[in-house]
Each structure stands twice: as C-alpha cells, then as structure tokens.
Amino acid sequence: MNANFCKALAGFSQEVPVIHKNTKGYGYTYTSLSEILRVINPLLAKHGLGFTQIVSGTSLTTIVFHVESGETIEGTMDIPQGVQLKGMNEFQVMGSAISYSKRYHISGMLCLVTDSDSDAAGQPTNPKKPALADSRFKKALEAILAGEYSREELENKYSLSDEQIKKLDE
C-alpha cells in the first residue's frame, strides 16, 4: 500500500464514530447495514476511499479501495449455510445470511465498532439481573452459611437490595 492509501485509511479510522445498535430482531439488537452505510459512506468519500462487496457462490469478498491510487485491500469470508429461521423460506434465509455477512465483513475490514464492548468496559454482560424475593433470600443465606452456595454465585445471579447486602456482610 502506498502512503496516501494508508493516510486515507488512518484518517477514516480516526473520524469514524461508534455506530450504535438500531435494529431489533431474532431476540437481540444489532446495527443494520443501512445504518453502517449511512455513517461510513460520507467519511469514506471524504478520505478518498470506497468499497464494494461481491457475492460469489457461498462466499463474500469485500474490497476497500483508494480512489486516487486504485490500490485495494480485500478479504473473503464464507456466508453461513444451512441456517433455518422461523417463518422464512430458503430465499429469505439466504438474503438474511448475505446481509449479515456484509454487515460483519465491512465492520471487520474497517475496524468499525458497532456494539458496546462490555468486557473491555468492565461492565457485566447481563446487567439486568432479577431481584431476589426476601423469602428466597432467606433460603439462599441459609445455603451460604451451610457451605452449599456462595455469595459470589448469589450476587452473579440476582440483583440484591441494600438490606440483603447488609445481611450478607453480617
């Protein structure tokens, strides 16, 4: 790669923001391909970059190019096969798999952040723990005192009230 292509990629990387999840489906949230494109296309153009994605058989090739020099970087990934999604025919499943692949491959090629990195931020991966009813807390406390259960297991599984934490600290 020439210096201008590297400079353009670096400039893009410095400017591209975290792209927040905006779509719900299949029991989770994700950043849609259209949202990724809405954010990155103006920045790619600003830095003289572009990309194309080509589906061939069961693979997807993503090519990022420098408009001025014509230099490219590219990568290929397999499109998931044999997936079944409830309520979808095989063509709809194929379209979903292609969209999924396009979204994740361009994100990987351009080092985009499209979700929160809970491990790096030190945040729990499941912040919404259920509250523990006092009657169940009493039984859990007895199990802890008997050595059958640990405080860590209890705190990892349930959101405890201040009162319950006080009782654990006694």
Side-chain angles (χ1 to χ4, degrees), residues 1-131 152-160:
M1 280 189 278
N2 75 27
N4 288 333
F5 189 16
C6 292
K7 183 178 177 181
L9 278 172
F12 169 83
S13 294
Q14 293 298 314
E15 277 193 64
V16 71
V18 171
I19 306 171
H20 297 284
K21 297 176 182 180
N22 68 334
T23 305
K24 291 183 182 182
Y26 311 108
Y28 61 93
T29 58
Y30 61 94
T31 306
S32 67
L33 181 59
S34 61
E35 179 65 7
I36 290 170
L37 297 177
R38 184 190 70 74
V39 172
I40 69 170
N41 280 341
L43 292 172
L44 287 169
K46 176 181 177 183
H47 292 281
L49 299 168
F51 77 96
T52 189
Q53 293 184 301
I54 303 162
V55 176
S56 179
T58 60
S59 64
L60 171 74
T61 299
T62 300
I63 303 166
V64 178
F65 55 88
H66 187 233
V67 175
E68 187 178 306
S69 70
E71 287 190 298
T72 64
I73 56 172
E74 70 178 71
T76 300
M77 72 174 283
D78 293 329
I79 298 170
Q81 301 295 304
V83 176
Q84 295 180 353
L85 298 173
K86 186 176 180 180
M88 289 189 177
N89 66 41
E90 64 183 279
F91 297 104
Q92 291 168 318
V93 171
M94 181 181 5
S96 181
I98 290 169
S99 292
Y100 174 94
S101 298
K102 285 181 170 186
R103 207 169 55 242
Y104 284 96
H105 205 229
I106 194 61
S107 294
M109 293 281 295
L110 295 175
C111 299
L112 304 176
V113 178
T114 59
D115 57 13
S116 61
D117 186 351
S118 60
D119 292 337
Q123 299 169 347
T125 55
N126 183 9
K128 293 184 180 181
K129 299 178 205 171
E152 290 78 24
E153 289 173 298
L154 186 68
E155 290 178 328
N156 286 337
K157 191 171 181 179
Y158 297 100
S159 176
L160 302 176

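Please read these numbers as outputs of a predicted model, since none were measured by experiment. Along the sequence shown, the residues carry numbers beginning at 1. Both backbone and side-chain heavy atoms feed into the values below; hydrogens, waters and symmetry mates do not.
- Between I73 and M109, the shortest heavy-atom contact is O-CE, 3.9 Å.
- Although no hydrogens or angles enter the test, the distance criterion places no donor-acceptor pair under 3.5 Å between the side chain of Q53 and the main chain of T62.
- For Q81, the CD atom sits in a packed shell: over 12 heavy atoms of surrounding residues, nucleotides or ligands are nearer than 6.0 Å.
- Two residues are said to be in side-chain contact when any heavy atoms from C-beta on lie closer than 4.5 Å; L37 and V39 fail this criterion.
- Put simply, OG on S96 and CG on L85 are 5.5 Å apart, with the number rounded to the nearest 0.5 Å.
- Rounding to the nearest 0.5 angstrom, the gap separating the CE atom in M94 from the CG atom in N89 is 9.0 Å.
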Go through the steps to decide whether S59 and I79 satisfy the test side-chain contact (heavy atoms from CB on, under 4.5 Å), and finish with yes or no. CA-CA 5 Å; S59 64; I79 298 170; 5.6 Å; no

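- Within the 4.5 Å cutoff, side-chain heavy atoms of I106 are placed close to those of F51.
- By the side chain to side chain contact (heavy atoms under 4.5 Å, CB included) test, F12 pairs with V16, I40, L43, L44, H47, L49, L110, L112, sequence neighbours left out.
- Screening residues 43-56 for salt bridge (Lys or Arg N to Asp or Glu O under 4.0 Å) gives E15-K46 as the qualifying pairs, with residues at least two apart or on separate chains.
- L60 and V55 make their closest contact through CD1-CG2, 3.9 Å (heavy atoms, listed as atom of the first residue, atom of the second, distance).
- In this structure, L9 CG and N4 CG are separated by 11.5 Å, a value rounded to the nearest 0.5 Å.
- Note that OG of S69 and CG of N2 are 4.5 Å apart. Values are rounded to the nearest 0.5 Å.
- With sequence neighbours excluded, no residue forms a salt bridge (charged side-chain N to carboxylate O under 4.0 Å, His left out) with E71.
- Under the 3.5 Å distance criterion, the side-chain polar atoms of R103 are left unmatched by any main-chain donor or acceptor of S32.
- Of all heavy-atom pairs between F5 and F65, the closest is CE1-C, 4.1 Å.
- Remark: the backbone N or O of T114 is paired with a side-chain donor or acceptor of T31 at under 3.5 angstrom.
- In terms of heavy atoms, S101 sits closest to P80 at OG-CD, 3.3 Å.
- Among all heavy-atom pairs drawn from E74 and T61, the shortest one is OE2-CG2, 3.8 Å.
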